[in-house]
Q: 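Pasting a structure below so you can have a look.
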Amino acid sequence: MRKLLIATSALALLFVLTACGGKDKETTAGGTYFEMGTQDYTDPKIIAYMVKELVEDQTDHEVNITENIQASPLIITAMDKGDFDLATLYSGEVYNNHFDDDKVEYTTDADKTLAQAQKLFNEKFDLKWFDSLGFENKYTIAISDDYAKEKNIETMTDLAEFAPDLTIGTDSAWIERGDDGYRAFQEHYGYSFKKALGMEISLMYEGLKTGELDAITAYSVDPEIKELNLKVLEDDKGFFPPSTASLVARNDKLKEYPELEDIINSMTDLINEEEMTQLIYEVDIEKKEPKEVAKNFLVEKGLLK
């Protein structure tokens with residue numbers, strides 16, 4: 001996933017570790033401040049504001065949010081050092097070189113991947129990796145909904161009959177990657193596209209609009225899926241690695257403030273992929289603030305008044 005492949009730099013790491021400096025030790029109501037970091041894409045920002053709203057509604061604590069950290073490994077490093085207490089992370093992070101190869105078993109099974117993340121991040125980083133928030137943001141293949149209906153295409157297997165006549169747009173890394181790249185995809189599903197063109201993500205969606213592309217690799221909660229009325233194909237043979245979203249917290253904070261753990265547990269299975277896509281659409285396309293979108297969603301779910 002793109003969120004897992006950005007290399008960390010010394011400058012970026014310094015930013016993370018100093019971003020939370022100078023925080024007050026106690027809120028005016030006598031609670032504490034929790035520090036939460038978010039990546040530079042939209043779904044973890046929305047989740048962070050949901051956490052903030054719930055914590056500040058139900059306790060005397062407050063949540064400070066530091067946005068736009070360039071990569072999840074930076075957030076994990078900051079959590080390990082105590083600069084962040086909370087974050088949203090994705091189960092596929094367990095395959096991102098945090099652990100020795102003999103500790104991790106690569107699998108496309110979502111439950112097994114999540115279980116490995118929960119076990120290994122607890123053992124090495126003393127972090128509690130909670131159960132799923134209810135959605136994944138995983139790699140997938142998307143085509144126009146009209147074409148899918150015309151050809152009765154629901155799954156990636158269904159696409160096999162038509163793929164030899166189709167051009168797919170993808171980020172260049174997918175063409176070259178190993179376990180979950182294009183060459184492995186062809187072996188796994190047994191078909192190839194007429195052409196596979198590497199390009200920037202924004203150009204992929206533009207190519208679909210102009211008709212230069214017939215299919216693209218996408219992320220399952222991309223707001224353009226809703227904007228362009230695309231059909232996300234079911235990965236019926238389980239090729240792409242899981243990327244289940246969960247909240248993650250430092251164990252020492254949960255032990256000291258058990259009410260925080262109760263709030264996080266209340267968010268298990270809170271939001272599905274369709275709902276998250278809609279929320280990201282409101283932020284990225286309609287230009288609403290993540291805080292506003294998060295609060296409105298919690299009110300709709302009956303978790304806030």
Q: Less than 3.5 Å apart, any donor N or O on the side chain of D40 or Q70 sitting next to an acceptor on the other?
A: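 Not at all, the side chains of D40 and Q70 share no donor-acceptor pair under 3.5 Å.
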Q: Looking at T27 and D60, would you say the former's side chain and the latter's main chain have a donor-acceptor pair under 3.5 Å?
A: yes
Q: Backbone N or O of S220 within a donor-acceptor pair of the T140 side chain at under 3.5 Å?
A: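 No; zero donor-acceptor contacts below 3.5 Å.
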Q: Is it the case that the side chains of T155 and D158 hold a donor-acceptor pair, with the cut-off being a distance below 3.5 Å and no angle test?
A: yes
Q: Kindly say whether E274 contributes a backbone atom to a donor-acceptor pair with the side chain of N272 at under 3.5 angstrom?
A: yes
Q: Do the side chains of K231 and I153 get nearer than 4.5 Å, heavy atoms only?
A: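 Side chain of I153 against side chain of K231, heavy atoms only: no contact under 4.5 Å found.
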Q: When you check the side-chain N and O atoms of E282 and Q278, is any donor under 3.5 Å from an acceptor?
A: yes
Q: Out of T38, T88, I271, L279, which residue meets the side-chain contact (heavy atoms from CB on, under 4.5 Å) rule with I46?
A: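 Between I46 and the candidates, side-chain contact (heavy atoms from CB on, under 4.5 Å) is satisfied uniquely by L279.
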Q: Judged by atom type as modelled, is there a donor-acceptor pair below 3.5 Å linking the side chain of T268 to the main-chain atoms of L133?
A: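 It does not hold such a pair.
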Q: May I ask you to check whether F185 and Y191 place their ring centres under 6.0 Å from each other?
A: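 They qualify: ring centres under 6.0 Å apart.
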Q: Determine whether F135 and V221 make a side-chain contact, defined as any pair of heavy atoms from C-beta on separated by less than 4.5 Å.
A: yes
Q: Parallel, tilted or perpendicular: which fits the ring planes of W174 and Y139, with parallel below 30° and perpendicular above 60°?
A: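 Taking Y139 first and then W174, their aromatic rings sit tilted (interplane angle of 30° to 60°).
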Q: Under a 3.5 Å distance rule, please check whether N265 uses its side chain to pair with a backbone N or O of D262 as donor and acceptor.
A: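 No; zero donor-acceptor contacts below 3.5 Å.
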Q: Aromatic rings F125 and H98: how do their planes relate, parallel, tilted or perpendicular, breaks at 30° and 60°?
A: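 F125 vs H98 ring planes: perpendicular.
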Q: Measuring only between side-chain heavy atoms, which start at C-beta, is Y147 closer than 4.5 Å to L166?
A: yes
Q: Before accepting this row, confirm whether a basic side-chain N of the pair E275/K301 lies closer than 4.0 Å to the acidic partner's carboxylate O.
A: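 Between K301 and E275 there is a salt bridge, with a charged N closer than 4.0 Å to a carboxylate O.
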Q: What side-chain donor-acceptor pairs closer than 3.5 Å can you find for residues 113-121, not counting sequence neighbours?
A:
{"unit_1": "T113", "atom_1": "OG1", "unit_2": "Y95", "atom_2": "OH", "d": "2.8"}
{"unit_1": "T113", "atom_1": "OG1", "unit_2": "T107", "atom_2": "O", "d": "3.2"}
{"unit_1": "T113", "atom_1": "OG1", "unit_2": "D109", "atom_2": "O", "d": "3.0"}
{"unit_1": "Q116", "atom_1": "OE1", "unit_2": "E105", "atom_2": "N", "d": "2.8"}
{"unit_1": "Q116", "atom_1": "NE2", "unit_2": "E105", "atom_2": "O", "d": "2.7"}
{"unit_1": "Q118", "atom_1": "NE2", "unit_2": "W129", "atom_2": "O", "d": "3.1"}
{"unit_1": "Q118", "atom_1": "NE2", "unit_2": "D131", "atom_2": "OD1", "d": "2.9"}
{"unit_1": "K119", "atom_1": "NZ", "unit_2": "E123", "atom_2": "OE1", "d": "3.4"}
{"unit_1": "K119", "atom_1": "NZ", "unit_2": "E123", "atom_2": "OE2", "d": "2.9"}

Q: Hey, are E187 and R183 close enough for a salt bridge, meaning a charged N less than 4.0 Å from a carboxylate O?
A: no
Q: Flag the pair M199 / L213 as yes when at least one side-chain heavy-atom distance between them is below 4.5 Å, and no otherwise.
A: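 They are in contact (side-chain heavy atoms under 4.5 Å apart), so the answer is yes.
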Q: Just how far is it from atom CE of M156 to atom CG of D235, taken to the nearest 0.5 Å?
A: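 Rounded to the nearest 0.5 Å, the CE-CG separation comes out at 4.0 Å.
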Q: Does Y257 have any ring-ring contact (aromatic ring centres under 6.0 Å, His included) partners at least two apart in sequence or in another chain, and if so, which?
A: F34, H61
